[in-house]
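Below is one structure, written out as structure tokens; comments come after it.
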Amino acid sequence: MAAFQLFFPLLISCVAASAHPPRHLPPCQVVQMDVLCSDLSLRSAPGNLPHGVQMLDLSRNQVQNLTQETLAYHTGFHHLNLQANKIHFIQPGLFKNMTDLKVLDLSRNHLNVFALSKINIGPLTVVESLDLSNNGLYTGMSDYFLAESPALANLSLNSNSITKIAQNTFDGSLNLTKISLHNNVIMEIEDGAFDSLKHLIELDLSKNSITCITDFNLYNLAVLNLSKNSMELFLSAKTNHLYKLSPS
Ligand SMILES: *[C@@H]1O[C@H](CO)[C@@H](O)[C@H](O)[C@H]1NC(C)=O
Ligand SMILES: *[C@@H]1O[C@H](CO)[C@@H](O)[C@H](O)[C@H]1NC(C)=O
Ligand SMILES: *[C@@H]1O[C@H](CO)[C@@H](O)[C@H](O)[C@H]1NC(C)=O
Ligand SMILES: *[C@@H]1O[C@H](CO)[C@@H](O)[C@H](O)[C@H]1NC(C)=O
Ligand SMILES: *[C@@H]1O[C@H](CO)[C@@H](O)[C@H](O)[C@H]1NC(C)=O
């Protein structure tokens, strides 16, 4: 009987808790049009985001499935920071309507799981800076994120598991000026992989497994980082072009 008496109030309090989920808002900070919700164990953005929010920092939370609902149906973001969540699915076309979204940080998630589903995230209409670092991505997986990113200038694929840069890797992102591939396991770069990137000025290939580069022909490149590879041979293409590479 004593056991029953103990159990009964406990049950009541459980029922009460599920009938009235905590209504208090997570303590996001709002600074002008920026909403800062870092490190609050959130699975989605709070439902009452201020109208006109431009920057949303949802970094270091528990987002798994990135959908319109996760972002409280807002599309006016200029900057979305989703770093260090557990994102393994992105609603296809989610960013299509975000016609102001310039900076998108998806680093430190599980986007390799999403890529295995072979679904394209859809257009990154005006995104200029995209961070896909630390996502367990391997060769070919970046295709599902880059296929329609015409405005992309700055891309980080640092600290993934890419072994080969295929010739068509950047076909959907012809405006790239800076690519970082630091800390992958790149052994092969297919002929012409960077040739169509007319604005490319900075390429970081440091900490990979590159042994030789032949026919180097990236005339506009100003910075090329090949440190921490196993370089044995570097040959540039025979040409009358001038290179812009500065010694470093
Ligand atoms: C993600 O959420 C959407 C909508 O809530 C749902 O339809 C879909 O099944 C979810 N996907 C995964 C992989 O959890
Ligand atoms: C994009 O906008 C259209 C028209 O307003 C709407 O029907 C659609 O649901 C939106 N899609 C997403 C993914 O936001
Ligand atoms: C490019 O993106 C990286 C992170 O993804 C950032 O640290 C860097 O400041 C950006 N550079 C430019 C020129 O926008
Ligand atoms: C490509 O970048 C240039 C500036 O470098 C910009 O003027 C142009 O609008 C960009 N193209 C697209 C499609 O966003
Ligand atoms: C090249 O990459 C290495 C290793 O990441 C880094 O320490 C170095 O600062 C980089 N050099 C330049 C010139 O950016």
Side-chain angles (χ1 to χ4, degrees), residues 28 31 33-39 42-46 49 52-115 117 119-137 141-160 162 169-182 184 197 199-200 202 204:
C28 295
V31 182
M33 287 296 141
D34 298 347
V35 179
L36 311 174
C37 306
S38 193
D39 221 347
L42 299 175
R43 290 176 154 265
S44 64
L49 287 180
V53 52
Q54 296 192 345
M55 199 274 256
L56 174 63
D57 181 356
L58 257 184
S59 62
R60 298 197 298 278
N61 281 293
Q62 301 288 329
V63 178
Q64 299 186 1
N65 189 352
L66 184 59
T67 63
Q68 280 174 287
E69 194 180 3
T70 323
L71 298 176
Y73 299 94
H74 281 254
T75 55
F77 306 108
H78 293 211
H79 183 158
L80 271 179
N81 185 352
L82 295 159
Q83 179 182 144
N85 279 273
K86 295 180 173 157
I87 299 171
H88 57 70
F89 186 81
I90 298 177
Q91 178 185 342
L94 177 64
F95 304 108
K96 185 179 180 185
N97 288 354
M98 299 194 187
T99 50
D100 293 313
L101 184 64
K102 298 266 171 80
V103 181
L104 177 57
D105 188 345
L106 290 168
S107 62
R108 298 182 185 275
N109 280 287
H110 305 311
L111 294 180
N112 54 338
V113 177
F114 174 72
S117 66
I119 301 171
N120 204 311
I121 61 167
L124 298 177
T125 317
V126 299
V127 173
E128 292 173 359
S129 187
L130 175 64
D131 195 337
L132 293 171
S133 59
N134 284 281
N135 268 290
L137 300 175
M141 285 184 158
S142 63
D143 296 3
Y144 303 108
F145 305 92
L146 301 179
E148 299 169 79
S149 43
L152 194 60
N154 182 18
L155 170 67
S156 173
L157 282 165
N158 290 349
S159 303
N160 281 293
I162 297 167
T169 306
F170 303 109
D171 282 2
S173 49
L174 295 177
N175 225 18
L176 279 166
T177 59
K178 177 177 177 182
I179 304 175
S180 301
L181 285 156
H182 168 78
N184 279 273
L197 303 176
H199 308 293
L200 188 64
E202 197 171 336
D204 185 355

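The distance from atom CG of L124 to atom NZ of K96, rounded to the nearest 0.5 Å, is 12.5 Å. Residue S142 holds its OG atom at 11.5 Å from CG of N135, rounded to the nearest 0.5 Å. With rounding to the nearest 0.5 angstrom, the CD atom of E69 is 12.0 Å from the CZ atom of R43. Between T99 atom OG1 and H78 atom NE2 the span is 8.5 Å, to the nearest 0.5 Å. The OG1 atom of T125 lies 12.0 Å from the CG atom of L152; values are rounded to the nearest 0.5 Å. Note that CG of L130 is 6.0 Å distant from CG of L106, once rounded to the nearest 0.5 Å.
Across all non-hydrogen atoms, the minimal contact from L157 to L137 is CD2-CD1, 4.0 Å. Counting all heavy atoms, side chain and backbone alike, D57 lies closest to M55 at N-SD, 3.8 Å. When all heavy atoms of L56 and C37 are compared, the closest pair comes out as CD1-SG, 4.3 Å. Across all their heavy atoms, L49 and L71 have their closest contact at CD1-O, 4.1 Å. Between A115 and F145, the shortest heavy-atom distance links the atoms CB-CE1, 4.4 Å. Counting all heavy atoms, side chain and backbone alike, N184 lies closest to S159 at ND2-N, 3.9 Å.
Checked by atom type, the side-chain pair N154/S129 shows a donor-acceptor distance below 3.5 Å.
Not counting sequence neighbours, the partners of Q83 by the side-chain contact (heavy atoms from CB on, under 4.5 Å) test are S59, N81, D105, S107, R108. Residues passing the side-chain contact (heavy atoms from CB on, under 4.5 Å) test with P150: none are found, sequence neighbours excluded. Listed by chain and residue number, S44, V63, L66, T67 satisfy the side-chain contact (heavy atoms from CB on, under 4.5 Å) test with T70 (two or more places apart in sequence, or in another chain). F170 pairs by the ring-ring contact (aromatic ring centres under 6.0 Å, His included) definition with F194, not counting sequence neighbours. Considering only residues two or more places apart in sequence or on other chains, H182 meets the side chain to side chain donor-acceptor pair (under 3.5 Å) condition with S206. Scanning for salt bridge (Lys or Arg N to Asp or Glu O under 4.0 Å) contacts around D39 gives R60, with sequence neighbours left out.
At least one side-chain heavy atom of L104 sits less than 4.5 Å from a side-chain heavy atom of L80.
A donor-acceptor pair under 3.5 Å is formed between the side chain of N109 and the backbone N or O of L82. The main-chain N or O of N61 is found under 3.5 Å from a side-chain atom of N85 such that the two form a donor-acceptor pair. Formation of a donor-acceptor pair under 3.5 Å by the N160 side chain with backbone atoms of L132 is found in this model.
Taking the six-membered ring where tryptophan is involved, the planes of F89 and F114 are perpendicular, since the angle between them exceeds 60° and thus also 30°.
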